[in-house]
S.K.: 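Pasting a structure here, questions to come.
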2 protein chains.
Amino acid sequence: MTAPQQERSKATRLRLLEAAVDCLAEKGWSGTTVAIVARAAGVSRGAAQHHFPTREDLIAGALEFATETQLIENRARAATLPEHGLTRVEAVVNMLVDIYVGPYFRAALQVWVAASADPSLHARVQPLEARLGRAIHHVAVELLRADERKPGVRETIQGTLDMARGFGLATVLGDDSARRRPIVRQWARVLAGVLGEQ
Amino acid sequence: MTAPQQERSKATRLRLLEAAVDCLAEKGWSGTTVAIVARAAGVSRGAAQHHFPTREDLIAGALEFATETQLIENRARAATLPEHGLTRVEAVVNMLVDIYVGPYFRAALQVWVAASADPSLHARVQPLEARLGRAIHHVAVELLRADERKPGVRETIQGTLDMARGFGLATVLGDDSARRRPIVRQWARVLAGVLGEQ
DNA sequence: AGATAAAATCAAGCGCGCATGCTGGTTTTG
DNA sequence: CAAAACCAGCATGCGCGCTTGATTTTATCT
């Protein structure tokens, strides 16, 4: 055959990861069983067991996959940002917020919260979260063209990211977009002030 | 006996709720089984079943208990706040943040995240969250002596609360207090500026 | 090159452990 | 004596991990 099974294997593995991420975002931690994920991916449970020996392997793999996908999407979107001024700041904040209210974050949230009580999972997840956090911070600084040497700038950006995280958390309880909009707008104004003062 | 069983019943019920909250905060959603909670409360599983027919009843009750306890503690702590000026603003922000990094919030977080994929639980939990959110916002406005008619004031306070929520979320992945402190300090400065400008 | 061994991929079934909910029975209170 | 609070055991269901077996691809030897 022209298609080596190596490719096919990678494909099913990827389908499993995608299905796991979707399942986590939709059905939550307890609702994400290997059987359900396997069925959603269109493979048997044995196949899933082969690629990911344990459930924890599957979940951790899904989180890693979601993390990297998130970063890639960010880079793509960063190129489409508007010019300068306040509208750019607001656009950046909106983009950061969108990261934390999207499906990838919802999936990650389930894993993080579950990992807080699961030492073994925590050990695998914590470095991923740290890496993602640093990466997003770096992106934020770059897109805002911020000078972190100015006092307060770094802290305010960190606070902005934490606010976005808070939005993400609020979103799991229900659609929050209407409440978010004016807050983001006001926050962008304040942030622009901090960035440009003096 | 001098102690009517009504009191004893209320007492065991309360012990169950306390144990459930602790268990949620420590062992997470999946780790909180009725058997474990009952043992921690010092009662048999059958007794727990008697007071809370279903597990969902127990969890929902625990969340409600945690919510009210949280509000009561807030009122107590609000009386001990310092005088005026920036230190007061910083103290208020610190107090708000402490709400979201405390054990009650950790317990609530587990329930909220789980409820996002459980419609039946979601229906019972969502109004609680809304009530708590409004209450905390009200407390914040009052303690900051903010004039919400001023443009941007209301939005900035909401953003502050969302940032605090984000801190709480970051805390489940590991102790974050060292990172938080400078952010809170800086944000208090900014918040004071927004509150007092013009 | 051809054949056979070895390894990888996928499918299906089994058993263990555990949590929930229910039911019957016992003690305490009014 | 009636009712409520409390306790012990049973039964069902389900998710996980493991084992077995079939099919395909890759590697090795003659």
Side-chain angles (χ1 to χ4, degrees), chain A residues 1-20 23-24 26-63 110-111 114-115 117-121 124, chain B residues 1-20 22-24 26-62 110-111 114-115 117-121 124:
Chain A
M1 288 307 171
T2 60
Q5 106 284 23
Q6 204 175 14
E7 263 185 38
R8 208 158 68 96
S9 174
K10 284 285 172 193
T12 58
R13 186 187 152 89
L14 203 140
R15 280 218 309 278
L16 278 170
L17 291 178
E18 287 172 345
C23 191
L24 277 171
E26 290 173 20
K27 305 187 204 281
W29 171 262
S30 303
T32 300
T33 77
V34 294
I36 292 181
V37 171
R39 196 180 324 143
V43 303
S44 85
R45 230 188 54 204
Q49 205 86 356
H50 173 74
H51 287 278
F52 303 94
T54 168
R55 182 186 123 111
E56 189 178 302
D57 292 328
L58 177 59
I59 303 277
L63 182 61
Q110 299 283 340
V111 180
D118 184 334
S120 138
L121 183 63
R124 304 177 69 165
Chain B
M1 290 302 171
T2 60
Q5 104 282 27
Q6 201 175 12
E7 261 185 41
R8 206 158 71 95
S9 174
K10 283 285 173 192
T12 60
R13 185 187 153 90
L14 203 140
R15 281 218 309 277
L16 278 170
L17 291 177
E18 285 171 347
D22 291 348
C23 190
L24 277 171
E26 290 173 20
K27 305 187 203 285
W29 171 260
S30 304
T32 300
T33 76
V34 294
I36 293 180
V37 171
R39 195 180 327 142
V43 302
S44 83
R45 231 187 54 212
Q49 205 86 350
H50 174 73
H51 286 278
F52 302 95
T54 168
R55 182 185 123 111
E56 188 178 303
D57 292 327
L58 176 60
I59 303 276
Q110 298 283 340
V111 180
D118 185 334
S120 140
L121 183 63
R124 304 177 70 166

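Bear in mind that the values here come from a model prediction, so they are computed numbers and not experimental data.
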S.K.: Measure from NZ on Lys10(A) to P on dT25(D) and round the result to the nearest Å.
M.R.: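 In whole Å, dT25(D) P lies 18 Å from Lys10(A) NZ.
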S.K.: Could you tell me how far apart Arg13(A) (CZ) and dA8(C) (P) are, to the nearest whole angstrom?
M.R.: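 My rounded result for the distance is 15 Å.
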S.K.: Looking at DNA chain C, which of residues 43-56 of chain A put a heavy atom within less than 4.0 Å of it?
M.R.: Val43(A), Ser44(A), Arg45(A), Gly46(A), Ala47(A), His50(A), His51(A)
S.K.: Just jot down the side-chain contact (heavy atoms from CB on, under 4.5 Å) partners of Ala117(A), sequence neighbours excluded, or say none.
M.R.: none
S.K.: In Å and rounded to the nearest 0.5 Å, what is the CD1 to CG distance from Ile59(B) to Leu24(B)?
M.R.: 4.5 Å
S.K.: Starting at CZ of Arg15(B) and ending at C1' of dC6(D), how long is that distance when rounded to a whole Å?
M.R.: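 Distance, rounded to whole Å: 12 Å.
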S.K.: What heavy-atom pair brings Ile36(A) and Cys23(A) nearest, and what distance separates the two atoms?
M.R.: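 Taking every non-hydrogen atom into account, CG2-SG, 3.9 Å.
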S.K.: How would you list, by chain and number, every residue that makes a salt bridge (Lys or Arg N to Asp or Glu O under 4.0 Å) with Glu56(A), sequence neighbours excluded?
M.R.: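 Per chain and number, Glu56(A) pairs via salt bridge (Lys or Arg N to Asp or Glu O under 4.0 Å) with Arg124(A).
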S.K.: Please write out the pairs of protein N or O atoms and N or O atoms of nucleotides 20-22 of chain D separated by less than 3.5 Å, giving the distance to one decimal.
M.R.:
none

S.K.: Quickly work out the Leu16(A) CG to dA11(C) C1' distance and round it to whole Å.
M.R.: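 Going from CG in Leu16(A) over to C1' in dA11(C) covers 14 Å.
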S.K.: Just how far is it from atom CG of Leu58(B) to atom OG1 of Thr33(B), taken to the nearest 0.5 Å?
M.R.: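 The OG1 atom of Thr33(B) is 9.5 Å from CG of Leu58(B), to the nearest 0.5 Å.
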S.K.: Rounded to whole Å, please give me the gap between CG in Leu58(B) and P in dG21(C).
M.R.: 10 Å
S.K.: Less than 4.5 Å apart, side chain to side chain, heavy atoms only: is that true for Val34(B) and Phe52(B)?
M.R.: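 Side chain of Val34(B) against side chain of Phe52(B), heavy atoms only: no contact under 4.5 Å found.
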S.K.: Could you list the donor-acceptor pairs under 3.5 angstrom formed between side-chain atoms of residues 43-50 of chain A and any protein atom two or more places apart in sequence or on another chain?
M.R.:
from, atom 1, to, atom 2, distance (Å)
Ser44(A), OG, Gly46(A), N, 3.3
Ser44(A), OG, Ala47(A), N, 3.2
Gln49(A), NE2, Pro53(A), O, 3.4

S.K.: In Å, rounded to the nearest 0.5 Å, how long is the span from NE2 of His51(A) to CG of Leu16(A)?
M.R.: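 One finds 6.5 Å between NE2 of His51(A) and CG of Leu16(A).
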S.K.: When you measure from the side-chain N and O atoms of Thr12(A) to the phosphate of dT9(C), is any distance below 4.0 Å, counting only OP1 and OP2?
M.R.: no
S.K.: Measure from CZ on Arg39(A) to P on dC16(D) and round the result to the nearest Å.
M.R.: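 In whole Å, dC16(D) P lies 12 Å from Arg39(A) CZ.
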S.K.: Kindly state which residues belonging to residues 30-37 of chain B come within less than 4.0 angstrom of DNA chain C, counting heavy atoms of the residue only, listed by number.
M.R.: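 Output list: Thr33(B), Val34(B).
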S.K.: When you compare the side chain of Glu18(B) with that of Leu14(B), does any pair of heavy atoms fall below 4.5 Å?
M.R.: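 Side chain of Leu14(B) against side chain of Glu18(B), heavy atoms only: contact under 4.5 Å found.
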S.K.: To the nearest 0.5 Å, what is the distance between CG (Leu17(B)) and OG1 (Thr12(B))?
M.R.: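 So the gap between those two atoms works out to 9.5 Å.
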S.K.: Roughly how far, to the nearest 0.5 Å, is CH2 of Trp29(B) from CG of Asp118(B)?
M.R.: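 Interatomic distance, Asp118(B) CG to Trp29(B) CH2, rounded to 0.5 Å: 6.5 Å.
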